[in-house]
Amino acid sequence: MTKHIHLGKLVLGRRKVLKLAGGASLVLAAPAYWRKLSAQEKTIVVRDPGGPYTKGFGEAFYEPFTKATGIKAVGVAGQHEPTSLIKGMVDTKSYTWDMALLSRSAHDQLISEGDYLEKLNVTSKHIETLPAVHKAPAYLGNDVFAAILAYREDAFKGKAAPKGWKDFWNVKDFPGRRSLRKHPFDTIEEALLADGVAPKNVYPCDIPRAFKSLDKVKKDIAVWWTGGAQTSQLLKTGEVDMCPTWNGRAQAAIDEGAPVKIIWDQMVWSSEGWCIIKGTPKADMCREFVKFAVDPQAQAAWTKHVAYGPTHPEAYKFIPAERAKVLPTHPDNFKNDVEVDNVYWGKHKDKVTEQLNAWLLA
Amino acid sequence: MTEKHKLTVRSLRKTYGPVVALTDASLDLEEGEFLTLLGPSGSGKTTMLMIIAGLIQPDSGEVSIDGKLATYAPPFKRDIGMVFQNYALFPHMTVRENIAFPLRMRRVPDARIADEVKRVLDIVRLPQVADRLPRQLSGGQQQRIALARCMVYRPSIILMDEPLGALDKKLRDEMQLEIKNLHTELGITVLYVTHDQEEAMIMSDRICLMNDARIEQLGTPADLYFKPRSVFAASFLGESNLIDVTVAGTEGGRTAMRTADGTTLRAPLAAVPAGAAAKMMVRPERLHVLGPTDRADNVIEGALDQVIMVGGVTKYYVKLKGDRTVSATQLTQGPVGGIERGAKVRLGWAADSTVVLPT
Amino acid sequence: MTAAAASAFARPRRSWGRFLPLLPVLVFLGFLFLYPVGQLLWLSVVEKGSGDLTAAHYARLLAVPVYSKVLLITFETSAWCTLFCVLGGYPVAYLLATTGDKWRNNLMLLVLLPFWTSFLVRTFAWIVLLGRNGAINKWLQALGITDAPLGLIYNFAGVMVGMTHALMPLAIISMVSVMENIDANLPRAASTLGARGGQAFFRIYFPLSLPGVAAGGLLTFITAIGFFITPALLGGRQQIMITQVIIEQVQDLMNWSFGGAVSMLLLVSALFVFWLYDRALGMSTLAGGSPASQVGDRGTWLSRGFAWVGDLATAAIGRACDLAAVAWETVFPQRPDKPPVKIARGVLWATALSVVAFLAVPTFFIIPVSFTTEGFIQWPPKFFSWRWYDTVFESPTWIAAIVRSLTVATLSAGVAMLIGTPAAFFLSRQSMIGKTAMLGVILSPLIIPRIIIAVALFYFYAKLGLIGTNLGLILGHAVLAVPYVVVTVMAVLKNYDERLDQAASSLGANRWRTLWHVTFPLIRAGLIAAFIFAFVTSLDELTIALFVSGGLVTTLPKQMWDDALLKVSPTLAAVSTLLLIFVTFMILAAEYLRRRAVHK
């Protein structure tokens with residue numbers, strides 16, 4: 001009856017529908033925001049981890065770079081480890097970003113999975129003096145972050161405080177609430193170090209030994225954390241007394257007045273560095289940026305904002321002593337250390353993650 | 001209580017904040033009686049019904065059912081049945097389950113439930129729909145099932161809240177008769193709510209006319225029709241001619257009144273003091289168009305405005321001085337002719353058909 | 001009209017034209033979900049490099065027990081969460097549906113509170129409330145109830161608290177929208193027919209509210225499956241959710257093939273659960289089904305069995321309640337001349353208000369925290385500072401993010417409504433083969449982890465040039481919102497009396513006028529609920545926004561995530577408070593306008 005007649009009318013109104021579809025496709029074809037941005041000749045889009053990074057990078061790198069070269073550098077925050085997105089950009093040639101600050105492990109992954117990053121092929125006085133450990137064909141290190149053991153000083157008032165991973169594992173002599181990362185990275189290394197493996201022998205990891213070591217503290221771990229921001233909260237509120245975390249997160253709690261202490265000994269560190277996304281039309285401008293950014297003075301300026309260590313040793317010339325003390329690459333801190341072996345992890349991450357999950361559930 | 005009524009309601013009052021929904025309501029309902037609460041919407045009739053059903057609690061007053069005080073007794077302890085305006089059939093139950101519901105609540109054995117369900121379905125002449133869901137029934141069928149569900153456990157009183165409100169005219173007429181027949185045949189006691197005066201007249205033994213949260217008049221349909229006690233009653237039930245008058249006094253055992261133009265009219269003795277302003281009411285069918293020599297107790301003159309022949313009756317609309325129109329209804333005698341619009345006519349009626357109403 | 005005529009009238013037209021209402025949803029999900037996601041999931045069966053078909057990834061899934069174990073944990077967690085949401089939410093929904101307008105609106109505002117705070121803020125609120133040195137433990141110790149702090153979080157209980165809190169509004173609103181359409185005369189009729197409160201409720205009201213319970217339960221369960229942040233932050237060692245595993249595979253390991261395989265496992269098992277649910281409860285509780293087919297054969301043997309057990313159970317519970325009431329009345333006899341004390345209603349209010357308090361507490365905790373002088377979300381806050389509000393107001397990024405998120409959420413909810421509502425009408429009123437399968441497809445966007453949808457959409461959008469556009473973001477969020485709209489609208493239509501429409505059209509209203517003037521106002525509660533779900537989904541969505549926008553356009557969740565990189569600062573509390581005030585104001589304004597319109 002009535003309703004069918006009207007339904008019929010709609011069917012007949014096909015021409016209208018076509019018109020609508022035409023209109024819609026016009027909207028679909030509207031130039032995207034990023035295209036407008038990237039179409040501007042002298043602009044590059046740089047992915048950074050966001051938050052305090054973006055602010056610090058602006059002051060230390062983006063603004064001075066624009067001033068010096070006339071090329072505008074726009075920093076945007078991407079999600080944690082944006083490997084999938086970069087793969088997508090290269091596969092579809094949709095360059096939302098032109099370059100990125102990536103963790104060494106993300107870099108290694110993008111190199112081993114395919115051809116997703118440009119060879120940098122840049123050099124300068126400062127790049128030449130950058131320690132070799134921070135250099136790769138598609139990567140130049142910018143900062144070092146370290147997984148360290150942080151503890152609440154007030155929890156060990158009048159008692160012996162822990163001095164390293166061994167003490168963290170020693171539940172009897174160092175009672176207190178403990179937290180561990182719910183992820184194989186760092187946790188496996190820490191378990192081995194606690195079990196007496198020398199820093200230089202950590203890789204290739206003895207996984208069965210690591211799990212045996214973990215077995216010893218399994219029931220004493222009050223909190224299994226998953227995100228960095230969680231650890232600063234845990235330390236600040238005193239939810240736990242000991243917690244392995246990245247030094248920057250512990251520092252965030254310390255800066256807010258929490259009685260937290262960082263143990264630098266046997267730190268497990270890795271780095272973040274500059275990478276250019278394969279195929280971006282702005283690759284050369286990005287190279288300019290990389291050359292500009294690998295600069296001790298610029299690196300020093302950035303450490304004001306985030307407590308990660310500059311990769312260039314000369315940066316310490318420009319950093320106030322007070323701040324330098326809390327950075328991982330400060331000579332006082334940077335010893336007896338373990339550098340994360342991303343090649344090892346690239347091969348074993350999948351398997352060990354699986355094993356860790358099984359172990360956690362057991 | 002001196003005598004035992006089926007239902008006694010005394011001085012009920014219910015308010016919602018500043019709004020008075022019902023006040024000073026008292027009535028008695030006799031065994032087997034069909035009593036209708038009639039009134040415009042908002043007159044308090046549904047409130048009264050809900051209080052009697054136990055679905056609303058009164059602020060004050062008393063309700064007794066079968067001589068037992070039940071003012072605040074919960075509905076399920078009252079032994080009443082209720083048919084709702086929208087039937088309130090349970091949509092997730094079949095007709096059979098719907099009708100069986102009150103029996104199950106009374107823990108009647110299954111075998112008897114089956115018999116009883118069949119019995120009432122036969123009474124409402126719908127034995128074939130037992131396994132259907134309510135939404136698969138027509139409005140009239142749902143109505144009858146609602147009635148069946150209510151009758152199956154033989155409650156003391158059946159309350160009906162505008163049960164025919166949602167039906168079309170033809171179905172409504174049919175159902176009115178059907179309910180009336182069921183009432184007479186089964187001797188059930190019914191308290192019925194409607195705003196339709198015709199329906200009330202057709203079905204009721206007595207009508208309780210309600211207005212503005214109180215009972216206006218309670219009596220048989222004839223009482224209400226012929227002896228309304230207020231202007232509201234006179235105008236709500238049936239057509240009426242109302243003329244402003246001043247009471248002149250008593251005259252030969254009758255009350256004499258004068259209209260604005262000085263005509264004297266007479267009515268049976270009424271308790272209205274001389275000199276008071278009042279309204280005189282006479283039903284259109286009591287008015288006669290008088291020939292030049294015809295006489296009557298009361299006579300008024302006016303100019304003919306309209307003549308409408310409605311089949312068996314013809315309606316004459318006569319404009320009085322001061323622009324008031326009265327209508328007279330006469331049995332149709334043959335083709336209307338002869339009298340022209342604007343012609344002067346005399347209308348007359350018996351003093352006994354006249355009612356004096358206080359204003 | 002006779003019954004025969006009535007059903008002839010309602011009989012669907014046997015032509016392809018009747019499928020037209022399904023067209024938008026099919027086209028929409030086909031292009032923006034099935035095609036791109038299908039392509040990505042296809043990777044799970046091809047060998048990398050060679051492109052040959054392989055079952056290796058699935059073989060691994062089956063060979064390594066940890067994945068099925070995690071899947072089981074995910075389902076278990078979601079099921080418990082659903083149970084708590086429905087059990088706790090039912091009294092609240094019932095109260096909302098049966099109480100007066102004034103109370104209803106105020107309570108509804110409180111129930112909706114958790115929706116307007118970001119998942120991140122909400123979760124951290126619980127961390128600070130329930131932690132070892134958190135507010136609750138401090139109070140318990142101060143009152144001398146406990147000696148040592150209780151382990152309220154970092155365990156299963158913590159996950160339940162966080163997830164139930166986040167999802168209960170979803171369950172409540174689904175249930176309310178159905179309950180509001182239950183004729184208030186039905187329980188009244190039952191009581192005049194001799195049913196005590198317990199029987200009247202369990203035999204009449206409860207069965208009629210089941211479509212709402214079914215819809216709320218389904219949406220809660222399926223949404224819960226996708227939760228991973230809350231379980232990660234509030235859970236213990238054993239709380240690992242499958243979405244977390246998939247994200248690890250896609251994001252950290254770049255193993256899309258295996259990530260796809262795990263997603264397929266999740267999808268297939270979730271759809272299996274849905275199918276079982278359909279068999280047991282009968283999606284007919286949701287979808288209605290054609291009236292003619294319902295008599296005699298009411299569903300499958302499984303659903304008949306369930307219905308039988310359900311009937312017995314509800315009747316027994318009803319009887320038990322009544323026996324308790326009778327016992328009570330023997331001890332405290334009720335007098336016919338005194339108004340009764342409404343104990344049941346009192347218990348209902350007490351229960352519902354405690355649930356509402358549970359929903360509202362974290363929000364009321366957030367407000368004082370936003371005025372702290374400290375840089376962390378902590379209890380008790382140290383007063384008093386506008387610092388965090390200054391941060392928000394001085395930052396164009398924050399303001400832009402708030403404005404963009406509200407706009408995108410409104411538009412994507414609008415799109416989802418336009419697409420989902422016709423489909424819901426079709427699915428609830430017309431019969432078709434494979435209705436359950438169709439519903440399964442519509443529900444899939446909620447089951448498939450967002451990371452998969454995000455990656456898939458990125459590739460698809462790249463072809464269309466939609467990357468970095470607001471339109472892309474709106475459409476992407478609408479994909480997630482459509483299932484909520486379809487299920488919610490279907491649930492309200494279930495109890496809707498189609499004869500009202502027929503009455504309207506017999507009175508001369510055409511199809512659209514009928515919809516606009518009769519149907520929509522009557523199912524208003526359901527439409528509003530659907531809109532709110534769609535709106536909130538977009539407002540709280542991070543992953544798709546990150547991929548589609550490439551980080552160039554900032555949304556609120558992204559900005560919050562960004563801000564919480566090193567620590568969760570009270571800025572988030574300030575933003576949440578602002579959002580809360582804004583949304584509450586909007587709701588009150590809308591309500592005011594509606595009332596004014598009604599009075600005119």
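In what follows, chains carry the letters A, B, and so on, assigned in the order in which the sequence lines appear, proteins first and then strands, with residues in each chain numbered from 1. Note that these values count all heavy atoms, side chains included, but never hydrogens, waters or copies made by symmetry.
- Between C:R132 and A:D241, the shortest heavy-atom distance links the atoms NH2-OD1, 3.1 Å.
- Using a 4.5 Å heavy-atom threshold, the side chains of C:V455 and A:K87 count as separate.
- Distance check: C:I467 CD1 to A:L85 CG gives 8.0 Å after rounding to the nearest 0.5 Å.
- The heavy-atom pair separating C:Q239 from A:K182 by the smallest distance is O-NZ, 2.9 Å.
- Residue contact with chain A, scored on non-hydrogen atoms closer than 4.5 Å, involves the backbone and the side chain of C:V250 alike.
- With values rounded to the nearest 0.5 angstrom, A:D350 atom CG is found 13.0 Å from C:M254 atom CE.
- Heavy-atom distances place no part of C:Q559 under 4.5 Å from chain A, backbone and side chain included.
- The 12-atom threshold is not exceeded at CZ of C:F31, counting heavy atoms of other residues, nucleotides or ligands nearer than 6.0 Å.
- When C:L233, C:I153, C:L542 are compared by the number of non-hydrogen pairs under 4.5 Å with chain A, C:L233 comes out ahead.
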Determine whether A:T237 and C:F376 satisfy the following criterion, side chain to side chain contact (heavy atoms under 4.5 Å, CB included), listing intermediate values before the conclusion. CA-CA 9 Å; A:T237 57; C:F376 274 80; over 6 Å; no

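- Not a single donor-acceptor pair under 3.5 Å links the side chain of C:R237 to the backbone N or O of A:K219.
- Taking both residues in full, the closest heavy atoms of C:D562 and A:P49 are given as OD1-O, 3.9 Å, listed atom of the first, atom of the second, then distance.
- Neither the backbone nor the side chain of C:Q244 comes within contact range of chain A, judged by heavy atoms closer than 4.5 Å.
- Atom NZ of A:K347 is surrounded by 12 or fewer heavy atoms from other residues, nucleotides or ligands within 6.0 Å.
- Annotation for C:W256 and A:S84: closest pair NE1-OG, 3.1 Å, computed over non-hydrogen atoms.
- Residue A:A258 does not touch chain C at all, counting heavy-atom pairs closer than 4.5 Å.
- Between chain A and the residues C:E248, C:K69, C:Q251, C:E374, the most heavy-atom pairs under 4.5 angstrom are made by C:Q251.
- Using a 4.5 Å cut-off between heavy atoms, A:L180 does not touch chain C at all.
- Scanning all heavy atoms of the two residues, the minimum distance from A:K349 to C:D252 falls at NZ-O, 2.8 Å.
- The salt bridge (Lys or Arg N to Asp or Glu O under 4.0 Å) search around A:R47 returns none, not counting sequence neighbours.
- Only the side chain of C:N255 has a heavy atom closer than 4.5 Å to any heavy atom of chain A.
- Ranking A:T231, A:L361, A:T92 against chain C, the residue ahead of the rest is A:L361, based on heavy-atom pairs under 4.5 Å.
- Neither the backbone nor the side chain of C:I451 comes within less than 4.5 Å of any heavy atom of chain A.
- No part of C:Y461 comes within reach of chain A, as not one of its non-hydrogen atoms sits under 4.5 angstrom from that chain.
- For a residue to count as touching a neighbouring chain, one of its non-hydrogen atoms must lie under 4.5 Å from one of that chain's; by this rule A:T353 touches chain C with the side chain only.
- C:I377 approaches A:Q233 most closely through the heavy-atom pair O-NE2, 2.7 Å.
- Atoms OG1 and CD1, from A:T226 and C:I229 in turn, are 8.5 Å apart once rounded to the nearest 0.5 Å.
- The contact list for residues 102-115 of chain A toward chain C, using heavy atoms and a distance under 4.5 Å, reads A:Q109, A:L110, A:E113 by residue number.
- Contact count against chain C (heavy-atom pairs under 4.5 Å) is highest for A:G88 among A:A358, A:G238, A:A252, A:G88.
- The distance from atom OH of C:Y154 to atom CD1 of A:I221, rounded to the nearest 0.5 Å, is 13.5 Å.
- From C:I247, atom CD1 reaches atom CD of A:E81 across 13.5 Å, with rounding to the nearest 0.5 Å.
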